[in-house]
Each structure stands twice: as C-alpha cells, then as structure tokens.
Amino acid sequence: MRTVIQRVRHASVTVDGRVTGNIGQGLLVLAGFAPTDDTRHLDWMARKLVQLRIFSDEEGKMNRSVQDVGGQVLVVSQFTLLADARKGNRPSYIGAAPPSVAIPLYEQFVGMLEQLLGQAVPTGEFGADMQVELLNDGPVTIVLDSPE
C-alpha cells in the first residue's frame, strides 16, 4: 500500500460536477493498493496516518497529529501511485491491485480511519475521473509505503 499525505487547509474532490467529499484543516490522502495488501497493511497505515505528527504546536514545531488538532481526513483512491515508470515512457500499472481486490481494501481502509478518528471520512469515487482541489499547508507532503 502506498499513500501520499498532504497537510491541507482545505481540500475537495469532484466527480461529474458533483462534490463527493470536502474537508477543512486536515489531511488529503491519496491511496493506492497492491494485490498483496491485506488487513495488516491497512491497519498499520490507518494508525500511522492518524498518529503522524505533522501539524504545528504552539512553538511552531511539527508535533501534533490530525487527531490532536481536531482535523479531518479526505481519502481519494489513486491506482497510479503504484505505477512503474522505470522502463520506457509509458508507465506500467501491473503493481496496482485490480478493482475486485482494491475496492474492498479501499472501503475497509476508510472504515478503519473512521473508527480511529471517530468521525466520517469523506472520499472520492473509486475508479471515477476525479478533480481534486487543495490548499497544501506548509507545504507538507509525505509519501508512505506499508512496511512490507
């Protein structure tokens, strides 16, 4: 599993002119799933995201988590995170899980985040052509891969 985490002032995702999810201060999480991902990977990533200390404290040090600041999380599926572009000019996506595997992982991951945060987690629409808007705060952007 691979995620790109962006600390944002606000973010939204739109599908066919309809906003499917939006948040204020918090984290925009782009999430890609591999065929070998399982509940352990999802649990590790969800806990890491919720506890990641990338928000500033009173002294301006990144020492607070999204939970600590009462922030929100917006999750957008993005299979292209698992692209392999080392050869040629056309990326290969064979490292990404097919929809039959990725959709249940995505839904389970969002559910885990909702439980950990105690709030709804807005999302994009899996497999749709989405437009994502955000105001990156910092900017702070972190790429996280599951440990295996």
Side-chain angles (χ1 to χ4, degrees), residues 1-55 62 65-148:
M1 179 175 185
R2 177 170 293 148
T3 59
V4 173
I5 303 148
Q6 296 183 66
R7 186 179 76 182
V8 298
R9 297 264 175 107
H10 59 82
S12 66
V13 59
T14 303
V15 177
D16 294 329
R18 171 182 49 89
V19 175
T20 63
N22 63 11
I23 61 169
Q25 178 188 25
L27 300 175
L28 168 62
V29 178
L30 306 175
F33 303 92
T36 56
D37 287 337
D38 60 27
T39 301
R40 290 174 302 132
H41 299 104
L42 303 178
D43 182 64
W44 183 89
M45 188 66 74
R47 290 180 188 284
K48 180 64 84 172
L49 286 170
V50 168
Q51 297 171 6
L52 196 61
R53 297 185 323 183
I54 59 173
F55 290 87
M62 284 197 271
S65 70
V66 69
Q67 282 184 312
D68 295 335
V69 299
Q72 299 173 287
V73 175
L74 171 62
V75 179
V76 176
S77 63
Q78 189 167 346
F79 76 95
T80 60
L81 292 179
L82 293 164
D84 183 351
R86 292 176 289 184
K87 289 183 178 180
N89 294 319
R90 180 178 298 162
S92 169
Y93 300 106
I94 61 172
S100 62
V101 173
I103 291 171
L105 292 171
Y106 175 67
E107 291 171 349
Q108 187 178 1
F109 178 62
V110 171
M112 287 176 170
L113 286 171
E114 288 177 336
Q115 282 190 322
L116 290 168
L117 291 167
Q119 62 179 277
V121 172
T123 66
E125 190 174 297
F126 192 94
D129 181 24
M130 297 176 272
Q131 289 71 53
V132 179
E133 293 187 49
L134 67 132
L135 179 57
N136 194 315
D137 184 18
V140 174
T141 301
I142 296 174
V143 177
L144 268 182
D145 289 322
S146 54
E148 294 175 20

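FYI, side chains are in, hydrogens and waters are out, and symmetry mates aren't considered; it's all heavy atoms of this structure. Note that the structure is predicted; figures quoted are calculated from it, not measured.
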Q. Taking all non-hydrogen atoms of both residues, which atom of Val50 and which atom of Val66 are closest, and how far apart?
A. O-CG1, 3.8 Å
Q.
Let me confirm one number: the CG-CG distance from Asp129 to Asp16, rounded to the nearest 0.5 Å.
A. 7.5 Å
Q) Can you pull the ring-ring contact (aromatic ring centres under 6.0 Å, His included) pairs that have at least one residue in residues 93-118, sequence neighbours excluded? A) Phe79-Tyr93, Tyr106-Phe126
Q.
Restricting to side chain to side chain donor-acceptor pair (under 3.5 Å), what partner residues turn up for Arg9, sequence neighbours left out?
A. Asp137
Q) Checking Thr14 side chain against Gly17 main chain: does a donor-acceptor pair fall under 3.5 Å? A) no
Q. How about Gln131: does its CD atom have over 12 heavy atoms from other parts shown lying under 6.0 Å from it?
A. yes
Q | Residue pairs passing the salt bridge (Lys or Arg N to Asp or Glu O under 4.0 Å) test where at least one lies in residues 94-113, sequence neighbours excluded | A | none
Q: Would you name the heavy atoms of Val15 and Met130 that are closest together and state the gap between them?
A: CG2-CG, 3.6 Å
Which pairs of donor and acceptor atoms, one on a side chain in residues 26-37, lie under 3.5 Å apart (sequence neighbours left out)?
residue, atom, partner, partner atom, Å
Asp37, OD1, Met1, N, 2.8
Asp37, OD2, Met1, N, 3.1
Asp37, OD2, Ala34, N, 2.7

Q) Quick one: side chain to side chain donor-acceptor pair (under 3.5 Å) partners of Gln108, sequence neighbours excluded? A) Thr39
(Q) Pair Val8, Leu135 - check side chain to side chain contact (heavy atoms under 4.5 Å, CB included), show working. (A) CA-CA 5 Å; Val8 298; Leu135 179 57; 5.8 Å; no
Q) Excluding sequence neighbours, so at least two apart, what forms salt bridge (Lys or Arg N to Asp or Glu O under 4.0 Å) with Asp38? A) Arg40
**Q.** Ser65 side chain to Gln67 backbone, donor-acceptor under 3.5 Å
**A.** yes
Q.
Using the salt bridge (Lys or Arg N to Asp or Glu O under 4.0 Å) criterion, which residues pair with Glu125? Sequence neighbours excluded.
A. Arg18
Q.
I need the Met45 CE to Arg2 CZ distance, nearest 0.5 Å.
A. 9.5 Å
Q.
If you define the side chain from C-beta out and look only at heavy atoms, does anything of Val140 sit under 4.5 Å from Met62?
A. yes
Q) Is there a donor-acceptor pair under 3.5 Å between the side chain of Glu133 and the backbone N or O of Ser12? A) no
**Q.** Approximate separation, where rounding is to 0.5 Å, of Leu144 CG and Leu52 CG
**A.** 6.0 Å
Q: In sequence, state the C-alpha distance, the side-chain angles, and the governing distance for His10 and Asn22, and then conclude on side chain to side chain contact (heavy atoms under 4.5 Å, CB included).
A: CA-CA 7 Å; His10 59 82; Asn22 63 11; over 6 Å; no
Q) Listed by chain and number, what are the side chain to side chain donor-acceptor pair (under 3.5 Å) partners of Gln6, not counting sequence neighbours? A) Asn136
Q: Kindly give the heavy-atom pair with the smallest separation between Met112 and Ala46, and that separation in Å.
A: CB-CB, 4.0 Å
Q: Write out all pairs satisfying salt bridge (Lys or Arg N to Asp or Glu O under 4.0 Å) with one or both partners inside residues 85-105, taking only residues at least two apart or from two chains.
A: Asp84-Arg86
Q: List for me each residue that meets side-chain contact (heavy atoms from CB on, under 4.5 Å) alongside Gln119, sequence neighbours excluded, and say none if there are none.
A: Gln72, Leu117
Q | Heavy-atom closest contact (Pro122 atom, Ile23 atom, distance) | A | CG-CG2, 3.6 Å
Q) Which pair of heavy atoms, one from Pro104 and one from Pro99, lies closest together, and at what distance? A) CD-O, 4.0 Å
Q. Which residues pass the side chain to side chain donor-acceptor pair (under 3.5 Å) test with Gln78, sequence neighbours left out?
A. Thr80
Q. Hey, is the main chain of Leu42 close enough, under 3.5 Å, to the side chain of Ser146 for a donor-acceptor pair?
A. no
Q.
Please report the interatomic distance CD1(Ile103) to OG(Ser77), rounded to the nearest 0.5 Å.
A. 8.5 Å
**Q.** Heavy-atom pair of closest approach, residues Ile5 and Ile54
**A.** CG2-CD1, 4.3 Å
**Q.** Close side-chain approach of Leu74 and Val13, heavy atoms under 4.5 Å
**A.** yes
